[in-house]
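In this text the structure is predicted, and so the values were computed from the model without any measurement. For this chain, numbers begin at 1 and follow the sequence in order.
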Amino acid sequence: MSDLDNNNHPEQVKTAKNRISAPHVFAAAVILLIITLFIIVFVLNAKISSLSSRLSESEDYIAAVNSHVYEYAAPDDMLLFDDATYGEVWLPAMEEVPLNTLDHSRLELDENNRYAYYDENGECISRTGIDVSYHQGDIDWEKVAADGIDFVMVRIGYRGYESGIMRADERADEYISGALEAGLDVGAYFYSQAVTEAEAAEEAVFTAELLKDYKITYPVVFDWELPGDESARTNDVSAETLNKCAAVFCSEISKLGYTPMIYSGLKMALCKYDMRSMCVFDFWYVEYKDGHNPPLYPYELNMWQYASDGRVNGIDSDVDMNICFTDYNKLYGATHHE
C-alpha cells in the first residue's frame, strides 16, 4: 500500500465513525432543546400568572391603565351644540380624536365659583389655577397661594396684531418670580399672531429664551386668536396655515424641553383647527359658564378656563379661572427647566 493510502486510512475510519454517530448527537441535541424550552415556557407562564394575579388586585395599576385608554366616536355619531346665532347645531363627530371621558357628575362648583374634580373616593384630583398678564397689575403672590391657587399661567409675550412685532409682557418676569417664590407651579402662554410657519417658529424661540432661567413645570401654550379688528394681519389666515403655525410652535417648544399646549374655544377647535392632527398636543379649552355647567367640548382636554371674572386674594382686578385635570408638576416636573 502506498504512503498515500496509509495516510488516508485513519481519516477514512474516523469519518465513517462520525457519520454513524452524527444522527444520534443531533437527536439528543433536539431533545435537550425541547426540554429546555419547555422549562422556560413553564417558568414564564408561572411568572405571568403570578403577575396577572397581582395586577388584577392592584388599584394603582388599574388606575394607570384606565388613564391611558382613549375612547373614540363611532362613524355615525353626531354632536349637538348650542350656537349663539343658529341655536342647536348638529356636527358629525371626529372618529380620530379621543373623546372627553371626564365624568361630569364629579365636577363640583364651590361657594367661590371654583370648579374641582373628584375621583370615585371623593378625593379632589384637579388643580386650581389662574392666568395673568400685565392687566392684572400688582399681585401679592403669597396671598394668591394662600387662597387655594395651585398654578398660574403667565403671558410671557405677544405679537402685535397690526405691526407683527414681538414683545415680552412687561410684568412677566415679575409675575413668574413672585409665583415661584410663593410655591406656585408656573406655565406660560404666548399670544400669537403668526401668519407663517417661520413666524410661529420665531415665537417659540422667543418664548423659550424668556423662560430659560425659570423652573417651568406647566405647559407652554400657543394662544392664537382673531382679535376682531379690521386691521388685524391675521384676518385672512387660512385654516391650513393656522394648523401649520400651531404645529410648528408646539414642535419647537417640545424640542426646547417644554410641554406644548394649544389654547382654543369651541368654534375654533371644531371649525378652524384640525383636531385630528392637533390632538397630539395637550389642549387648554376656554368656555365661560354661569353656574354649574360642564364644558361643551366633546374631546379630550387637559385644562379648562371657565371664568374671566374670578376673584382671588392678592389681585385687585378680575382674573381668569382655570381647572387643570393633569398634574403636570407630578408628571413632568423633573424634566423641565430649572
Side-chain angles (χ1 to χ4, degrees), residues 107-116 126-163 165-193 207 210-211 214 216-229 232 261-266 268 284-293 295 301-325 328:
L107 191 64
E108 297 185 9
L109 189 67
D110 66 16
E111 65 277 5
N112 295 316
N113 291 318
R114 296 179 185 177
Y115 277 106
S126 61
R127 308 264 289 171
T128 299
I130 58 175
D131 58 272
V132 298
S133 69
Y134 80 96
H135 297 289
Q136 268 64 53
D138 295 334
I139 297 178
D140 186 329
W141 289 104
E142 294 294 337
K143 289 183 178 180
V144 170
D147 195 21
I149 301 302
D150 302 307
F151 70 93
V152 58
M153 304 296 291
V154 176
R155 187 180 76 161
I156 192 65
Y158 62 95
R159 186 187 289 275
Y161 66 82
E162 290 181 319
S163 67
I165 297 173
M166 292 189 299
R167 293 184 173 90
D169 187 292
E170 61 192 66
R171 305 194 76 152
D173 284 333
E174 171 193 343
Y175 287 166
I176 294 175
S177 298
L180 290 173
E181 289 175 5
L184 297 176
D185 289 317
V186 175
Y189 69 95
F190 185 89
Y191 182 83
S192 172
Q193 289 290 282
T207 296
L210 294 174
L211 294 174
Y214 298 106
I216 303 300
T217 55
Y218 266 55
V220 176
V221 184
F222 181 75
D223 173 16
W224 193 98
E225 302 178 37
L226 287 169
D229 190 298
M261 176 179 268
I262 293 173
Y263 172 92
S264 176
L266 182 66
M268 184 171 286
W284 182 7
Y285 175 64
V286 52
E287 182 186 353
Y288 300 142
K289 293 289 189 177
D290 293 324
H292 189 290
N293 291 293
L301 56 91
N302 304 88
M303 195 183 299
W304 174 28
Q305 184 188 88
Y306 57 84
S308 61
D309 57 356
R311 301 300 300 181
V312 174
N313 291 340
I315 302 177
D316 292 333
S317 64
D318 289 345
V319 65
D320 294 338
M321 298 299 304
N322 298 273
I323 179 172
C324 187
F325 304 100
Y328 287 102

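A pairwise comparison of heavy atoms in Ser192 and Phe222 identifies OG-CE1, 3.3 Å as the closest pair. Tyr115 approaches Asn293 most closely through the heavy-atom pair OH-N, 2.9 Å. Counting all heavy atoms, side chain and backbone alike, Tyr214 lies closest to Ser177 at CE2-OG, 3.4 Å. Shown here for Phe325 and Trp304, the closest heavy-atom pair between the two residues is CE1-CB, 4.2 Å. Residues Ile262 and Val221 come closest through the heavy atom pair C-CG1, 4.1 Å. Of all non-hydrogen atoms in Tyr328 and Thr217, the two that sit nearest each other are CB-O, 3.3 Å.
Under 3.5 Å, the side chains of Tyr161 and Asp229 contain a donor-acceptor pair of N or O atoms. Between the side chains of Trp284 and Asn322, at least one donor-acceptor pair of N or O atoms lies under 3.5 Å. A donor and an acceptor atom, one from each side chain of Gln305 and Tyr263, are located under 3.5 Å apart.
Of the possible donor and acceptor atoms, none in the side chain of Glu225 sits under 3.5 Å from a partner among the backbone N and O of Ser264. No donor-acceptor pair closer than 3.5 Å links the side chain of Trp141 to the backbone N or O of Leu180. Of the possible donor and acceptor atoms, one in the side chain of Asp150 sits under 3.5 Å from a partner among the backbone N and O of Thr128.
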**OP:** With side chain to side chain contact (heavy atoms under 4.5 Å, CB included) as the test, would you mind laying out the steps for Asp131 and Tyr189 before giving the verdict?
**Re:** CA-CA 9 Å; Asp131 58 272; Tyr189 69 95; 4.3 Å; yes
**OP:** In sequence, state the C-alpha distance, the side-chain angles, and the governing distance for Arg171 and Asp138, and then conclude on side chain to side chain contact (heavy atoms under 4.5 Å, CB included).
**Re:** CA-CA 9 Å; Arg171 305 194 76 152; Asp138 295 334; 2.5 Å; yes
**OP:** Output, in order, the C-alpha distance, side-chain angles, deciding distance and verdict of side chain to side chain contact (heavy atoms under 4.5 Å, CB included) for Asp147 and Arg114.
**Re:** CA-CA 12 Å; Asp147 195 21; Arg114 296 179 185 177; 2.8 Å; yes
**OP:** Would you check, one step at a time, whether the test salt bridge (charged side-chain N to carboxylate O under 4.0 Å, His left out) holds for Asp223 with Arg155?
**Re:** CA-CA 10 Å; Asp223 173 16; Arg155 187 180 76 161; over 6 Å; no
Original post:
Does the pair Ile156 and Ile176 meet the rule for a side chain to side chain contact (heavy atoms under 4.5 Å, CB included), with working shown?
Top reply: CA-CA 9 Å; Ile156 192 65; Ile176 294 175; 3.9 Å; yes
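For the atom pair His135 NE2 and Asp318 CG, the distance stands at 13.0 Å (nearest 0.5 Å). In this structure, CG on Asn313 lies 12.5 Å from CD1 on Ile139, to the nearest 0.5 angstrom.
Crowding of Asp110 atom CG: a count of heavy atoms from other residues, nucleotides or ligands under 6.0 Å exceeding 12.
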